[in-house]
Amino acid sequence: MAVTVAGIDCGTNSIRLMVARVDGTGVTVLVPRIMRVVRLGQGVDKTRRFSQDALQRTFAAIDEFARILNGYDLDGIRFVATSATRDARNRNEFEDYVYSRLGVRPDVIPGEEEARLSFLGATSVVDTSAHQAPYLVMDLGGGSTELVLGGDGRSVPVTDVSQAYSMDTGSVRISERHLLSDPPDDGQIARAADDVNAAIDTACAAVDISRTGTFIGVSGTVTTMASVALGLSTYDRDAVDGALLDISRIYEADSAVLHMDRAQRGSLGVIHPGRLDVIGAGALIFTEVLKRVSLSVQSRGRELSTVMVSEHGLLDGIVRDLGIKLLAGKG
């Protein structure tokens, strides 16, 4: 028995589509993830409204996705909207357009559900014999960053969440709040770091990051910064997905990109043009989270020296979760 499903992840900076066939053995991807940078959350942190320009960019991507999906006989589709949509007071216009083109309304999920789905996607491909549990998954988005701990390898299955917290902190928000010059100056960077660390303080009250056995980073920011750390000149999904990188290499890459101007970032060749103005903030968040996790793990007398980078995150979790639920209904 199998089902064919489509998942759409609409975040603050980008929107992604995947079509897959799900059965009892796992997921077979039919349409690999298609990503468009639409910056739906532009200005939402300040205005709490979607701008018309942002909506039009997003509607164009939805139209494209609708044309693709017309070619498939789907058992189900789930359109998930996250941080920016949670905050926007005029989200009805967006939701109505999605329904008119795709026949489903956006599922505007809370941060806790976003964390669960990101964890499900990230851990579904982890080799549990090679990587120590528990797993801490960081999904670093444009509007929010989720920290999710789970899968202790014994009483808790690998895909089950023990603790999770969604920080109202992402690359777009931090850029719009603090990193206002190109490149940002030291004062802006310091204020941004203070903001991020205040959010991490709150997250640590909910998630015991000191228990981390394996740190898994997902999202476009994480895979982009991994590409920089690896010294790639063009983005190579196969080189990035599943890569284990020394934390010191991540710190070096994050610092370098944070202090570059837009032209210098563009010259690297691995940063999507739609991320050039916000990747510095994403790099700062990546570093600050890693520092805190590393120190917390050390407090237990252990060492966290590497980061696993994964292409599998929220979108994979959306598809897998929907497929599992539909199969259960057919059983």
Side-chain angles (χ1 to χ4, degrees), residues 1-40 54-82 84-85 91-109 113-114 116-125 139 141-142 159 218-220 223 235 237-238 240-242 272 274 310-331:
M1 186 185 302
V3 292
T4 301
V5 300
I8 297 174
D9 162 22
C10 186
T12 298
N13 198 46
S14 62
I15 184 170
R16 296 174 170 85
L17 166 72
M18 181 191 293
V19 180
R21 191 167 177 80
V22 182
D23 59 24
T25 64
V27 176
T28 301
V29 176
L30 303 177
V31 177
R33 59 181 56 78
I34 299 171
M35 187 270 289
R36 299 290 180 258
V37 175
V38 295
R39 193 65 60 82
L40 177 61
L55 285 172
Q56 292 306 313
R57 291 192 298 266
T58 307
F59 292 166
I62 291 168
D63 290 344
E64 178 188 1
F65 291 176
R67 291 191 293 270
I68 293 169
L69 294 177
N70 282 337
Y72 292 88
D73 183 14
L74 297 174
D75 294 288
I77 177 173
R78 188 179 186 191
F79 187 114
V80 166
T82 56
T85 310
R91 73 191 207 190
N92 285 347
E93 181 180 355
F94 166 66
E95 294 174 349
D96 290 345
Y97 191 87
V98 171
Y99 182 77
S100 72
R101 299 295 288 120
L102 300 175
V104 296
R105 298 196 74 81
D107 190 357
V108 185
I109 60 174
E113 173 70 355
E114 184 176 355
R116 183 186 73 82
L117 291 171
S118 294
F119 190 85
L120 175 64
T123 58
S124 63
V125 294
D139 185 351
T159 55
V218 302
S219 77
T223 55
Y235 189 78
R237 173 186 169 87
D238 292 334
V240 169
D241 190 27
H272 189 285
S310 179
E311 283 272 0
H312 305 272
L314 178 57
L315 182 58
D316 300 77
I318 293 167
V319 167
R320 185 180 178 88
D321 188 63
L322 177 58
I324 290 170
K325 288 177 178 175
L326 290 176
L327 287 171
K330 287 174 174 278

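Heavy-atom minimum distance, R39 versus A54: O-CB, 3.6 Å. Counting all heavy atoms, side chain and backbone alike, L315 lies closest to G7 at CD1-O, 3.3 Å. Between G11 and T82, the closest heavy-atom pair is CA-OG1, 3.4 Å. Among all heavy-atom pairs drawn from A84 and T12, the shortest one is N-OG1, 3.4 Å. Residues A122 and V218 share a closest heavy-atom pair of CB-CG1, 3.9 Å. Nearest heavy atoms, V22 versus L327: O-CD1, 3.8 Å.
Listed by chain and number, the residues in a side chain to side chain donor-acceptor pair (under 3.5 Å) with E311 are Y235, R237 (sequence neighbours excluded). Partners of D107 by salt bridge (charged side-chain N to carboxylate O under 4.0 Å, His left out), not counting sequence neighbours, listed by chain and number: R78. For D63, the side chain to side chain donor-acceptor pair (under 3.5 Å) partners at least two apart in sequence or on another chain are Y97, R101. Legend: residues meeting side-chain contact (heavy atoms from CB on, under 4.5 Å) with D316, ordered by chain and number and at least two apart, are M18, R33, H312. Applying the salt bridge (charged side-chain N to carboxylate O under 4.0 Å, His left out) criterion to D96, with sequence neighbours excluded, gives R105. E93 is linked by a salt bridge (charged side-chain N to carboxylate O under 4.0 Å, His left out) to nothing, counting only residues two or more places apart in sequence or in another chain. Listed by chain and number, the residues in a side chain to side chain donor-acceptor pair (under 3.5 Å) with S219 amount to none (sequence neighbours excluded). For T85, the side-chain contact (heavy atoms from CB on, under 4.5 Å) test picks out L40, F50, A81, R91, F94, V108, with sequence neighbours left out.
A distance of 5.0 Å separates CG in L69 from CD1 in I77, rounded to the nearest 0.5 Å. Atom CD1 of I62 and atom CG of L55 lie 9.0 Å apart (nearest 0.5 Å). C10 contributes atom SG, which lies 12.0 Å from atom CG of L17 (distance to the nearest 0.5 angstrom). Once rounded to the nearest 0.5 Å, the distance linking CG of D75 with CG of L326 reads 6.5 Å. Distance CG/L30 to CD1/I68: 12.5 Å, rounded to 0.5 Å. Atom CG in L74 sits 10.0 Å away from atom CG in L102 (nearest 0.5 Å).
Residues L117 and D9 form no side-chain contact, since every pair of their non-hydrogen atoms from C-beta on lies 4.5 Å or further apart. At least one side-chain heavy atom of I15 sits less than 4.5 Å from a side-chain heavy atom of F79.
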- [ ] Could you give me the CA-CA distance, side-chain angles and deciding distance for V19 and T4, then say whether side-chain contact (heavy atoms from CB on, under 4.5 Å) is met?
- [x] CA-CA 7 Å; V19 180; T4 301; 4.2 Å; yes
Open item on the list: Set out, in order, the CA-CA distance, both residues' side-chain angles and the distance that settles side-chain contact (heavy atoms from CB on, under 4.5 Å) for S310 and D241, then state yes or no.
Closed with: CA-CA 5 Å; S310 179; D241 190 27; 3.8 Å; yes
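Looking at D23, its side chain does come within 3.5 Å of a backbone N or O of G26 through a donor-acceptor pair.
Contact check on E113 versus R116 returns a salt bridge, with a Lys/Arg side-chain nitrogen under 4.0 Å from an Asp/Glu carboxylate oxygen.
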